[in-house]
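This report concerns only the one structure given below.
Just so you know, residue 1 is the first one in the sequence shown, and it goes up from there.
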Amino acid sequence: MKYYLVTVDANYVAPVPVGWYGKIDRKSRWEKKAYQMDKHLMFQTEEHMQMIFTDIVTFPCLMVSKMVQDTIMLYDPYIKFKRIILYSKARKRSMAYYMPFLRGMEFTETNEQKGGAISLEREKLVEEVIAEVVYKGKTRIVMRMDLVESILRRGAIGIGLEEIQII
């Protein structure tokens, strides 16, 4: 099965929450369980003229729209999600996002190929539908091809994909 690195498409400006540090960063998400986090998380977004509420936000962590959350739940019903509201004060518009609590995996830099492409070991993925991968100190999201196709068929906005090699 093919896997893809999921990002926000370069043609879109995704919302960036303000005041998120210490509440939804990688360390706090890995140390805390979903029930230990604040009950209501709401952040204002940085104002940008071309900002669009995309279906996937990757900074500061993975946050997905309700449609993408429902699709992920079809493939893996045991993933826990935390609801986060992002609010644009200038536009007077908000959108609910859902932060999945994914299994984190670390990969070494020895698998790097030319052009900065990533190759992952098949044994570490163990047929995960969606996974959070730490590679060269950066957190990246990896999704299986059938999940990606399902999300795209539902008309998702702002999703960038890069195929990765599974060795």
* To do: Spell out, yes or no, whether F101 and I84 are grouped together once hydrophobic residues are joined by side-chain heavy atoms under 4.5 Å, including indirect joins.
  => yes
* Asked: What's the spacing between L147 CG and L152 CG if we round to 0.5 Å?
  -> 9.5 Å
* Using side-chain contact (heavy atoms from CB on, under 4.5 Å) as the criterion, point out the one residue from K2, M1, E149 that pairs with R144. => M1
* What are the two closest heavy atoms between M73 and I79, and how far apart are they? -> SD-O, 3.7 Å
* Asked: Would V16 end up clustered with M42 when hydrophobic side chains under 4.5 Å apart are linked, directly or stepwise?
  -> no
* Could you point out which residue of V64, I151, D9 forms a side-chain contact (heavy atoms from CB on, under 4.5 Å) with I159? => I151
* Euclidean distance, F43 CZ relative to M63 CE, rounded to 0.5 Å -> 8.0 Å
* Considering non-hydrogen atoms only, spot the tightest contact between V8 and I56 and give its length. => CG2-O, 3.3 Å
* **For S88 against M51, the heavy-atom pair lying closest together** => CB-CE, 4.0 Å
* **Minimum side-chain heavy-atom gap M67-D55 below 4.5 Å** => yes
* Asked: Is K89 atom NZ crowded by more than 12 heavy atoms from other residues, nucleotides or ligands, each under 6.0 Å away?
  -> no
* Out of curiosity, does L161 fall in the hydrophobic cluster containing M145 (side-chain heavy atoms, cut-off under 4.5 Å, transitive links)? -> yes
* Asked: In terms of hydrophobic clustering (I, L, V, M, F, W, Y; side-chain heavy atoms under 4.5 Å; direct or indirect links), are L41 and V57 co-clustered?
  -> yes
* To do: Give, for atom CD1 of I72 and atom CG of L102, the distance between the pair rounded to the nearest 0.5 Å.
  => 7.5 Å
* Main-chain N/O of T71 paired to R154 side chain as donor or acceptor, under 3.5 Å -> no
* Asked: Which heavy-atom pair separates E47 from A90 by the least distance, and what is that distance?
  -> OE1-CB, 3.3 Å
* To do: Taking all heavy atoms of Y87 and all of K92, pick out the closest pair and write down the distance.
  => OH-CA, 4.0 Å
* Among the clusters formed by ILVMFWY side chains lying less than 4.5 Å apart, do V6 and Y12 turn up in the same one? -> no
* At what distance, to the nearest 0.5 angstrom, does CD of Q69 lie from CG of L74? -> 10.5 Å
* Of all heavy-atom pairs between L86 and F53, which one has the smallest distance, and what is that distance? -> O-CE2, 3.9 Å
Compile the donor-acceptor pairs under 3.5 Å between side chains in residues 93-100 and protein atoms, sequence neighbours left out, one pair per line.
unit_1, atom_1, unit_2, atom_2, d
Y97, OH, T54, N, 3.4
Y97, OH, T54, O, 2.6

* Spell out, as yes or no, whether a donor-acceptor pair under 3.5 Å connects the side chain of Y3 to the backbone of E128. => yes
